[in-house]
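In what follows, a structure is listed as structure tokens, so that the remarks can point back to it.
Note: hydrogens, waters and symmetry copies are ignored here, and every other heavy atom, side chains too, is used.
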Amino acid sequence: MCGIVGYIGCEQAGPFLLDGLERLEYRGYDSAGVCLNTGSELFVKKAKGKLKVLKDLTENGKTLHGTVGIGHTRWATHGEPSDVNAHPHLSESGRFAVVHNGIIENYQQLKDYLTSKGIAFRSETDTEVIAQLIEYYYKGDLVDTVIKVLEKLEGSYALGVISKDNPDEIIAVRKESPLIIGLGENENYLASDVTAILSRTKTILRLENNEIAILGRDGVKIITTDKDEVHKDTETVEWDVSAAEKGGYEHFMFKEIMEQPTAIAETISPRIRNGRVVLDEIKLSDEELKQFTKINILACGSAYHVGVVAKYIFEKMLRIPVEADLASEFRYRDPIINDKTLTIVISQSGETADTKEAMKEAQRRGSHVISIVNVVGSAIACESDDVIYTWAGPEIAVATTKAYSTQLAVIYLMALYFGEKLGTVVPEEYTALVNELEMLPAKIEKVLENKAKIQYLASKYFNSRDIFFIGRNIDYALSLEGSLKLKEISYIHSEAYAAGELKHGTISLIEKGTPVIALVTHEELIGKMVSNIEEVKTRGAQVMCIACDDHPEMEQVGQTIFIPKVCDMLLPSLAVIPLQLFAYYVASLKGCDIDKPRNLAKSVTVE
Ligand code: F6R
């Protein structure tokens, strides 16, 4: 939530700031702004709306002057999206400017104090108190002042600070919210995420909580809040700049859907050696693994939906009870969890506040945490006991697709790995499943080839008011994802229902013409599903089915998208593709802003 960039160097900062913000726009897009030190003043330009407004106002940053500057793209928390609430925020006299990602929980108290001292506030944001506090405490040394201000702040923050009097420095600090430093030649960068700086440098430093970075043109110094110097190794980012660009596609979402076979292959292949699943990342011994009596899965949104799929798979293959929990709920319900519970945390960004806090709660209660994360070096990846990375590459579209699919791939790997260790998967089944898993990317390619039919069905339904998704077992877990994908990007109301549950209330919503998307991929449940489909058809529903190609008779039941037959465990990876494409085409036909749906942001770093 919210993206921060900063530049200090010998070139004009404007074009980089605008380019960096564009690459971070997925983090928030209700307003944006930049502040540059022109030599005589801190010049601020801010605009409500998507970044394009600011780009047009500044001719992509070319009309801005100054070789040091900070920028911000906002997802509003305190104060509506507006020019005045957009960041950067200036102190009262205009000597200091601040960009912030996170929430200052005690901002009202601080604001009341400063107001009582006669300081006038311009915005409704929590961030402005930081700029005002800096000016209030400033005695000639910006670093000392920032350290003093940090003592007053409660909450989470990544901050970039510049001063009118010092055109040779950017101060950056983080607590809980992400921030990285990019190292160039005679220039250095600040960003919430590496995608903002990939076009300039791949050499980065990661700031840890409460570390302060002092960025100059010739170098970066990192200190603690006690002013002890911290010496860090640089990291080289492996992502290629093209991975964070559209590459000729109209939308990132479509590009990312099409990238799924590759992303899954990259996630699976290095972990299958000589027909065996090898998860070196898991440090637990076989004995320790056998001690677990329960698995607990924590995540939010689509990552939670992966957790619901995992519940079905793990319980079937490992014979261990599994709870999939919404991270935001888990934290506040005094969960029954201890050192006999294995916790699996799933997060694309590795920064989701609720997931991170739920993870810490599980750790406090003695549970071993394995995380499944896409962003290398993110907070969840670093703070979990073991981390398994999904090698999906950068995911830019707000609606997740390839991250969801690679998370599923890791679940399959874990099911096989644990199943072998616990002896719950017999060798023949193990070998057959590993073989099928290796063929999964090619099968996904086949489903993607069928996109014209999905586009045609989207053209039939895109004007609908409500669309229902139904399924049983893993198909139900998948229908949750299909429904979320559709509603978040097309704004069509949608619900996902366990097919057997419909007649306990929801069927009253079905009327003539209501579209129902039925997932019918599970052999042993086809009969039950067909009965549920007949029930809604009788009430006037138009039914679209997703079924395996060994059941051509499904075409008589509803308009059907066929997917190749694979073993039950792998079915969700194939069946989710038509659901993603359907949501994409519907949103496209409705003219929605697919990559940046209203009110959303990709990385949810507030609770
Ligand atoms: C939906 C979507 C979100 C995320 C959720 C968790 O398309 O992307 O529901 O899945 O916000 O985010 P991560 O995985 O970053 O923790």
For the pair D193 and K602, find out whether any cationic side-chain nitrogen is under 4.0 Å from an anionic carboxylate oxygen.
-> no
Check: R27 and N101 side chains under 4.5 Å, non-hydrogen atoms | yes
Okay, side chain of D325, backbone of L298: is any donor-acceptor separation there less than 3.5 Å?
-> no
Any side-chain heavy atom of S479 sitting closer than 4.5 Å to one from I517?
-> no
Will you find, in the side chains of K485 and S302, an N or O donor that is under 3.5 Å from an N or O acceptor?
-> yes
Carboxylate-amine/guanidinium proximity below 4.0 Å for E259 and K255 | yes
What about the rings of Y497 and F468, do their centers lie closer together than 6.0 Å?
-> no
Report the distance from atom NZ of K451 to atom CD1 of I561, rounding to the nearest 0.5 Å.
-> 12.5 Å
Basic-acidic side-chain contact under 4.0 Å: K356, E383 = no
Spatial distance of atom CG (L519) from atom CG (N473) [nearest 0.5 Å] = 11.5 Å
Point-to-point distance, once rounded to the nearest 0.5 Å, from OG1 of T343 to CG of D385 = 9.0 Å
Classify the side-chain pair T400/E395 by whether it contains a donor and acceptor separated by less than 3.5 Å.
-> yes
Note, F254 side chain near I594 side chain (heavy atom, < 4.5 Å) = no
E185 atom CD, neighbour heavy-atom count above 12 within 6.0 Å = no
Would you call I197 and R23 a side-chain contact if the rule is heavy atoms closer than 4.5 Å?
-> no
Would you call the rings of F292 and H368 parallel, tilted or perpendicular, where under 30° means parallel and over 60° means perpendicular?
-> tilted
Within 6.0 Å of NZ in K360, more than 12 heavy atoms from elsewhere | yes
Any donor and acceptor pair, going by atom type alone, linking the side chain of D386 with main-chain N or O of K283 inside 3.5 Å?
-> yes
Is K421 close enough and on-axis enough to Y417, meaning under 6.0 Å and within 45°, for cation-pi?
-> yes
Do the ring planes of F582 and F469 sit parallel (below 30°), tilted (30 to 60°) or perpendicular (above 60°)?
-> perpendicular
